[in-house]
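Below, chains carry the letters A, B, ... as their sequence lines are ordered, and counting in each starts from 1. Both backbone and side-chain heavy atoms feed into the values below; hydrogens, waters and symmetry mates do not.
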There are 2 protein chains.
Amino acid sequence: MRTDAQKNYEHLLAVAREVVTEQGAHASLRDVARKAGVGLGTLYRHFPTREALLETLLRSSFDALTERAAELEASSSPEEALVSWTQRCIACAHEYRGAISLMVAAIDDPQSALHDSCVAMKSSGARLLVRAQAEGVARADLASADLFALISALAWLNDQPSFAPRAEHLFDVVSSAILPQRTGNDSRKRRTPAPR
Amino acid sequence: MRTDAQKNYEHLLAVAREVVTEQGAHASLRDVARKAGVGLGTLYRHFPTREALLETLLRSSFDALTERAAELEASSSPEEALVSWTQRCIACAHEYRGAISLMVAAIDDPQSALHDSCVAMKSSGARLLVRAQAEGVARADLASADLFALISALAWLNDQPSFAPRAEHLFDVVSSAILPQRTGNDSRKRRTPAPR
DNA sequence: ACCTGAACACCGTTCAAGT
DNA sequence: ACCTGAACACCGTTCAAGT
């Protein structure tokens, strides 16, 4: 890459990160190019699709997620590993508003720039899930697709301003379905204040 | 309403139903007007916002939902009533792809044409939830906002083509979190085949 | 080798002008 | 009283022309 192209690329990415943080994953790409002081074509050459841009923005988070799964498998109980990783997963998908819809669409589309990252995420989750199931602590009838779906649903809920305040509680509720025997997961006991 | 206006209104609604069924709640309104053979302004006068159009399309379903809640309260066990109504609720929100996002946004926006319907839905659910909680069969720490959130999340999952095939199973999983003591809800037993 | 921005085909929304 | 569609300000995407 020519040094001027490299500079364009990096600046574009920095501006995109700002704009997407503010406006979400469906931000205007025209706006990104404009704010970066760059021609539209330059943006499209560096990032041929919205997914490609998002993938680059989330790259390091995705990598950290995979790494974290391996660490947790070695260091934590099957139960704690699954809960902790799931939480991180949701935070990662929630990094940019609206990103989760694109990720969900990508899991079934090998053409998408987000495909590999999402498959990796699903696989990491699958390992932790199987491990917890072997221990009898996670629901036996969950497939990795189900875990990915539940994580996606929680990330989507967090994206909705009306539900965001109850995000933690909703996580607990869904967790209790994944790990029915979880310590302190007695659903008859009030764990979080329930507003009217 | 003048009879020609009435005719326009009804034809517009019929065409809108078709288009929205095909393309989802974010279908082009221009396209609806075009296919109805009507000026854009005509559509906007009858339905000042996308929400207004959707509200009209879903009107009878919303009414049926409220009615059904009352029926179930009288005729079924607290547990069965909540499960059955929740299921209907999801089907209703899922009637048009993408409608759930607009509904979720409407719950906190009294200006939205969908606001009242969503509040009614939430209230109906709240009654059934409280009843089930009084019986000790539903999680005590769930607020009506949580139930609405979980219903929304399931409706959203159903909207995603990659998750739709596992919709029923995902409903069972989330149900087991809402009703931990539900008959046959033993999560250690395999209830639905889990594909690899 | 890389960049630009006009061109094209679309949106949603408003509102002057028509019947 | 109702209808129309041009006008405006936006999109995403492509690609000929420039440096």
Side-chain angles (χ1 to χ4, degrees), chain A residues 1-57 96-99 101-102 105-106 109 111-114, chain B residues 1-57 96-99 101-102 105-106 109 111-114:
Chain A
M1 182 139 50
R2 241 164 55 177
T3 60
D4 57 337
Q6 178 76 31
K7 209 172 167 180
N8 264 337
Y9 177 85
E10 269 151 25
H11 185 225
L12 214 31
L13 207 51
V15 172
R17 179 158 270 130
E18 263 184 61
V19 174
V20 172
T21 298
E22 269 174 22
Q23 308 182 19
H26 290 90
S28 158
L29 297 182
R30 231 192 182 82
D31 203 31
V32 171
R34 203 158 32 215
K35 281 184 175 142
V38 128
L40 249 176
T42 304
L43 185 149
Y44 272 90
R45 196 159 12 75
H46 285 308
F47 308 104
T49 62
R50 188 179 292 278
E51 283 78 8
L53 176 56
L54 215 56
E55 200 275 338
T56 309
L57 287 176
Y96 302 106
R97 245 181 320 129
S101 309
L102 296 172
D109 174 17
Q111 303 302 309
S112 169
L114 285 165
Chain B
M1 182 141 46
R2 241 164 55 177
T3 59
D4 57 337
Q6 179 77 31
K7 210 172 166 180
N8 264 337
Y9 177 85
E10 270 150 25
H11 185 226
L12 215 31
L13 207 51
V15 172
R17 180 157 271 129
E18 263 183 62
V19 174
V20 172
T21 298
E22 270 174 22
Q23 307 182 19
H26 290 89
S28 158
L29 296 182
R30 233 193 180 81
D31 202 31
V32 171
R34 204 159 30 214
K35 281 184 175 142
V38 128
L40 248 176
T42 302
L43 185 148
Y44 272 91
R45 195 157 14 74
H46 286 308
F47 309 104
T49 61
R50 188 179 291 278
E51 282 80 7
L53 176 57
L54 215 56
E55 199 277 336
T56 309
L57 287 177
Y96 302 106
R97 246 182 320 129
S101 309
L102 295 172
D109 173 18
Q111 303 302 309
S112 170
L114 285 167

Distance below 4.0 Å between B:Thr42 side-chain N/O and D:dC2 OP1 or OP2: no

First encountered from the 5' end of DNA chain C, between B:Arg2 and B:Arg50: B:Arg50

A:Asp109 vs A:Glu51 side-chain heavy atoms within contact, under 4.5 Å: no

Nearest listed nucleotide, side chain of B:Ser28, among C:dG12, C:dT4, D:dG12: C:dG12

Below 4.0 Å: OP1/OP2 of C:dT4 and any side-chain N or O of A:Arg34: no

Between C:dT13 (P) and B:Phe47 (CZ): distance, integer Å: 15 Å

With sequence neighbours excluded, residues passing side-chain contact (heavy atoms from CB on, under 4.5 Å) with A:Leu40: A:Arg30, A:Ala33, A:Tyr44

Euclidean distance, B:Leu12 CG relative to B:Lys35 NZ, rounded to 0.5 Å: 13.0 Å

Whole-Å gap separating C1' (D:dC11) and CG (A:Leu43): 14 Å

All stems with DNA chain C, defined as three or more consecutive Watson-Crick or G-U pairs under 3.5 Å: C:4-8 with D:12-16, C:12-16 with D:4-8

Interatomic distance where CD belongs to B:Gln6 and P belongs to D:dA1 [whole Å]: 16 Å

Side-chain N or O of B:Arg45 closer than 4.0 Å to phosphate OP1/OP2 of D:dC2: no

Value in whole Å for how far the C1' atom of D:dC2 lies from NZ of B:Lys7: 15 Å

Side-chain N or O of B:Arg30 closer than 4.0 Å to phosphate OP1/OP2 of D:dA6: no

For atom CG of B:Asp31 and atom C1' of C:dC10, their distance in whole Å: 11 Å

Sugar-phosphate only, base, or nothing, as touched by B:Leu40 at under 4.0 Å among non-hydrogen atoms: base

Listed once per pair and sorted, the ring-ring contact (aromatic ring centres under 6.0 Å, His included) pairs that draw on residues 4-24 of chain B, sequence neighbours left out: B:Tyr9-B:His46, B:Tyr9-B:Phe47

Sugar-phosphate, base or nothing in reach of A:Ala27, heavy atoms under 4.0 Å: sugar-phosphate

Closest nucleotide among C:dT4, D:dT13, C:dC2 to the A:Val38 side chain: C:dT4

A:Leu53 side chain reached by A:Arg50 side chain, heavy atoms, under 4.5 Å: no

Phosphate-side-chain proximity, A:Asn8 and C:dC3, N/O vs OP1/OP2 below 4.0 Å: yes

Distance in angstrom units between A:Leu29 CG and D:dT13 P, rounded: 7 Å

Atom pair CD/CG of A:Glu55 and A:Leu102 - distance to nearest 0.5 Å: 12.5 Å

Interatomic distance where OH belongs to A:Tyr44 and C1' belongs to D:dA16 [whole Å]: 18 Å

Check against side-chain contact (heavy atoms from CB on, under 4.5 Å), A:Leu43 and A:Asn8: CA-CA 9 Å; A:Leu43 185 149; A:Asn8 264 337; over 6 Å; no

Ionic contact status for A:Arg34 with A:Asp31, cut-off 4.0 Å: yes

Between D:dT19 (P) and A:Asp4 (CG): distance, integer Å: 15 Å

Sugar-phosphate, base or nothing in reach of B:His46, heavy atoms under 4.0 Å: sugar-phosphate

